[in-house]
Student: 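Dropping a structure here in structure tokens format, bear with me for questions.
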Amino acid sequence: MTQSCADSLIVLDFETTGLSPDMGDRAIEIGAVRLEKGLVVDRFQALMNPGKRVSGFIENYTGITNRMLSQAAPCDEVMEQFANFMGDSNLVAHNASFDKRFLDAELGRIARYYNGNFACSLLLARRIYQQAPNHKLGSLIAYKNIPSDGGFHRALFDSEMTAKLWMTMLNDISLMITAQEVSFSLIQKLAKTPKNNVQKLLQAQ
DNA sequence: TGCCAGGCCCTCTTTAGGGCCTT
């Protein structure tokens, strides 16, 4: 069975100075992998200098220090490169609303835009892994016994783990339906379906 | 200096409140 929605996808993750670009927070690292037919075929990773110091909390949380950022290229330079990398591919992130806010904010600063659609691995996991203890990325990786060395909270590592989780979810969904492929539109529909209607939706495929 | 958000989703709901996720 094919998994067409993975034919060309960018799975991305930002590390940032905080939670809200509307409150002045900036991206400090972008990591992404390109998935084609279920395989990682390309990677992107870069630190970026946000032009402000990051808090001790962020240094501890990510391991990214002010010293490291002082030697990094500025955000606009890195985001220009990343915009070229992702093109108009569809996009996936864990808690996509968070990464989309920062992607939109950073690209807006350099007047670059994209036409891809976002899908959220968190929303999908809440539908198909309703018995998981919680739906944090690290917890889901452990729940599905996906090999990991535990180095979470760096952008490329988290995007690689999200990509593995994504492929695992597509495989699990493909086992629940009779259709020949798991389409991107089905994934987006699933992520918006009330939990108690998930089985009905899958059985209709 | 210290602090900050927003979308989703559940329920003891919908004229609301609070937990889960992301950094």
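Residue numbering restarts at 1 for every chain, and letters A, B, ... go by the order of the sequence lines.
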Student: Scan A:Asn60 against the nucleic acid and name what it touches under 4.0 Å (heavy atoms): base, sugar-phosphate only, or nothing.
Tutor: nothing
Student: Let me know the distance between CZ of A:Arg26 and P of B:dA5, rounded to the nearest Å.
Tutor: 19 Å
Student: Are A:Asp13 and A:Arg154 within salt-bridge range, i.e. N to O under 4.0 Å?
Tutor: no
Student: What integer distance in Å separates A:Leu123:CG from B:dG7:P?
Tutor: 13 Å
Student: B:dC4 and B:dT22: how far apart are their C1' atoms, nearest whole angstrom?
Tutor: 15 Å
Student: Could you check how far CG of A:Asn134 sits from C1' of B:dG19, rounded to whole Å?
Tutor: 12 Å
Student: Measuring from atom CZ of A:Phe14 to atom CG of A:Leu103, what distance do you get when rounded to the nearest 0.5 angstrom?
Tutor: 5.0 Å
Student: Can we say A:Glu160 and A:Arg43 salt-bridge, meaning some charged N sits less than 4.0 Å from an Asp/Glu carboxylate O?
Tutor: yes
Student: Applying a 4.0 Å non-hydrogen cut-off, can you work out what A:Asp99 is touching in the nucleic acid: base, sugar-phosphate, or nothing?
Tutor: nothing
Student: Students often get this wrong, so: under 4.0 angstrom with heavy atoms, is A:Ala191 touching a base, only sugar-phosphate, or nothing?
Tutor: sugar-phosphate
Student: Does A:Ile28 reach a base, just sugar-phosphate, or nothing at all? Heavy atoms under 4.0 Å.
Tutor: nothing
Student: Grab the CG-P distance between A:Leu124 and B:dG7 for me, whole Å please.
Tutor: 21 Å
Student: Roughly how many Å apart are B:dT13 and B:dG18, using the C1' atom of each and rounding to a whole number?
Tutor: 12 Å
Student: The side chain of A:Leu137 is closest to which nucleotide in this list: B:dG6, B:dT23, B:dT22?
Tutor: B:dT22
Student: Roughly how many Å is it from CG in A:Asp104 to C1' in B:dG7, rounded to a whole number?
Tutor: 14 Å
Student: Measure from the side-chain heavy atoms of A:Lys195 and tell me the nearest of B:dG6, B:dT23, B:dC10.
Tutor: B:dC10
Student: Taking the side chain as everything from C-beta on, heavy atoms only, tell me whether A:Val33 gets closer than 4.5 Å to A:Leu156.
Tutor: yes
Student: So what does A:Phe102 hit on the nucleic acid, given a heavy-atom distance under 4.0 Å: a base, only sugar-phosphate, or nothing?
Tutor: nothing
Student: Of the nucleotides B:dC8, B:dC4, B:dT23, which has the atom closest to the A:Arg126 side chain?
Tutor: B:dC8
Student: Between A:Ala27 and A:Cys75, which heavy-atom pair has the shortest distance, and what is it?
Tutor: O-SG, 3.4 Å
Student: What's the verdict on side-chain hydrogen bond (donor to acceptor under 3.5 Å, both in side chains) for A:Asp104 and A:Tyr114, showing C-alpha distance, side-chain angles and the deciding distance?
Tutor: CA-CA 9 Å; A:Asp104 291 347; A:Tyr114 60 98; 2.8 Å; yes
Student: Take the protein atom NE2 of A:His153 and the nucleotide atom C1' of B:dC21, then report the distance between them rounded to whole Å.
Tutor: 12 Å
Student: Roughly how far apart, to the nearest Å, are B:dT23 and B:dG17 at atom P?
Tutor: 29 Å
Student: Counting side-chain heavy atoms from C-beta on, which of B:dC8, B:dG6, B:dT22 comes nearest to A:Asp22?
Tutor: B:dG6
Student: Which whole-number value in Å describes the distance from A:Arg154 CZ to B:dT23 P?
Tutor: 13 Å
Student: Find which nucleotide of DNA chain B each of A:Ile58 and A:Thr193 is nearest to by heavy atoms, and output the residue with the more 5' nucleotide.
Tutor: A:Thr193
Student: To the side chain of A:Arg101, which of B:dC20, B:dT23, B:dG6 is closest?
Tutor: B:dG6
Student: Distance between the C1' atoms of B:dC12 and B:dA5, in whole angstroms?
Tutor: 27 Å
Student: Looking at B:dC20, I'd like to know if its phosphate oxygens (OP1 or OP2) sit under 4.0 Å from a side-chain N or O belonging to A:His135.
Tutor: no
Student: Using the C1' atom on both, measure B:dC8 against B:dT14 and round to a whole Å.
Tutor: 16 Å
Student: Rounding to an integer number of Å, can you tell me how far A:Leu19 CG sits from B:dA5 P?
Tutor: 9 Å
